[in-house]
Visitor: 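Got a structure for you, questions after.
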Amino acid sequence: MKRIVVLISGTGSNLQAIHHACQAEGWPARIVAVLSNKPDADGLDWARAQGIEAVGLDHRVHADRAAFDAALSAEIDRQQPDLVVLAGFMRILTPAFVARYEGRMINIHPSLLPAFSGLHTHQRAINAGCRVAGATVHFVTAELDHGPIVAQAVVPVLDSDDAPTLARRVLAQEHRLYPMAVRWFVFDELALDGLRVRHTGAAAQHLLADAAGSKDTT
Ligand code: GAR
């Protein structure tokens with residue numbers, strides 16, 4: 001049984017998607033705790049309602065980034081996780097923290113990396129004239145949003161899109177993409193080869209959606 005700790009800062013809709021897939025598909029895994037740097041994050045309330053341990057660790061009460069990361073890793077290590085899942089966790093992590101969970105910490109980012117790391121990804125994709133956008137699940141390394149890519153989801157950018165409509169279309173695919181990637185980790189189906197991640201069963205490591213959200217249009 002693999003132990004999963006999920007880190008969030010807000011709604012936690014990706015957390016919910018992973019939890020539902022884990023239960024519905026009977027993974028040999030369990031989300032043992034949800035941690036947030038925002039004690040009032042909605043996702044913490046949701047987790048408590050599911051009977052999952054949920055802990056708010058306010059980053060503002062810590063002197064600096066290193067002090068917060070030390071408190072966070074103490075809380076994570078208490079859970080002895082096999083996998084740490086960043087799901088809308090909006091804090092930059094120190095290299096020491098990242099090194100501690102190397103190869104067992106993944107993140108979802110709302111762009112097709114390596115394009116648009118950082119913030120405001122949807123507006124930046126629209127401004128750049130991109131015809132597709134999407135989301136990326138990757139292993140976390142010290143360089144922000146740059147680790148080995150596990151899987152990506154691609155959606156069209158419409159002429160009528162603004163950042164919120166594009167964000168909604170991408171988020172709907174995140175809810176398919178992230179459970180898929182976590183499932184692969186849980187079942188030991190990922191092989192790291194330098195910067196490349198292979199699915200050992202040769203599953204397609206991308207999702208393609210049309211404007212209506214239907215999958216696999218090619
Ligand atoms: C998601 O869109 C996720 O990709 C993004 O935050 C949102 C969280 O939504 N993450 C980042 O921007 C990380 N740099 P959720 O709380 O409903 O899962």
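Keep in mind that what you see is a predicted model, and the values were worked out from it rather than measured. Each ligand, and each atom within it, is numbered from 1 in the order the structure gives.
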Visitor: Under 4.0 Å from any heavy atom of His109, which atoms of ligand 1 are there?
Guide: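 It comes down to these atoms of ligand 1: 14 (N).
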Visitor: Answer yes when Arg168 and Asp161 have at least one side-chain N-carboxylate O distance shorter than 4.0 Å, and no when they do not.
Guide: no
Visitor: Measure the distance from atom 12 (O) of ligand 1 to every protein heavy atom, then report the residue, atom name and distance (to 0.1 Å) of the closest one.
Guide: Pro110 CD, 3.4 Å
Visitor: So for ligand 1, is Asn107 a polar contact partner (N or O within less than 3.5 Å, distance only)?
Guide: no
Visitor: What protein heavy atom sits nearest atom 15 (P) of ligand 1, and how far away is it?
Guide: Ser13 N, 3.4 Å
Visitor: Can you tell whether the side chains of Asp159 and Arg131 come within less than 4.0 Å, N to carboxylate O?
Guide: yes
Visitor: Please report which non-hydrogen protein atom sits nearest to atom 9 (O) of ligand 1, along with the residue it belongs to and the distance in Å to one decimal place.
Guide: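 Here the closest protein heavy atom is Asn14 ND2, 4.1 Å.
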Visitor: To the nearest 0.5 Å, what is the distance between CG (Leu35) and CZ (Phe89)?
Guide: 8.0 Å
Visitor: What is the minimum heavy-atom distance between Ser9 and Lys38, and which atoms define it?
Guide: O-CG, 3.6 Å
Visitor: Using only heavy-atom distances, determine whether the side chains of Tyr178 and Asn107 contain a donor-acceptor pair under 3.5 Å.
Guide: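 No.
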Visitor: Is the shortest distance from a heavy atom of Met90 to ligand 1 less than 4.0 Å?
Guide: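 Checking ligand 1 against Met90, which is what was asked, there is a heavy-atom contact under 4.0 Å.
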Visitor: Is there a heavy atom of Ala135 sitting under 4.0 angstrom from any atom of ligand 1?
Guide: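 No; Ala135 lies far enough from ligand 1 that no heavy-atom distance drops under 4.0 Å.
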Visitor: Enumerate the atoms of ligand 1 whose separation from the nearest heavy atom of Ile108 is less than 4.0 angstrom.
Guide: 4 (O), 10 (N), 13 (C)
Visitor: If I take atom CG from residue Leu86 and atom CZ from residue Arg91, how far apart are they, to the nearest 0.5 angstrom?
Guide: 13.0 Å
Visitor: Of all the atoms in ligand 1, which lie at a distance below 4.0 Å from a heavy atom belonging to Glu174?
Guide: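 Counting from 1, the qualifying ligand atoms are 1 (C), 2 (O), 3 (C), 4 (O).
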Visitor: Would you call Arg196 and Asp193 a salt bridge, using N to O less than 4.0 angstrom?
Guide: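 No salt bridge links Arg196 with Asp193.
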Visitor: Give me the nearest non-hydrogen protein atom to atom 16 (O) of ligand 1 as residue plus atom name, then the distance to 0.1 Å.
Guide: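 Here the nearest protein heavy atom works out to Gly12 N, 2.8 Å.
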Visitor: Which of the atoms in ligand 1, numbered in the order shown and given with their element, are less than 4.0 Å from a heavy-atom of Gly88?
Guide: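 Those atoms are 6 (O), 8 (C), 10 (N).
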Visitor: Output yes when Glu53 and Arg78 qualify as a salt bridge under the 4.0 Å nitrogen-oxygen rule, no when they do not.
Guide: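 Yes.
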Visitor: Could you establish whether Leu171 and ligand 1 come within less than 4.0 Å of each other, counting only heavy atoms on the residue side?
Guide: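 A heavy atom of Leu171 does come that close to ligand 1.
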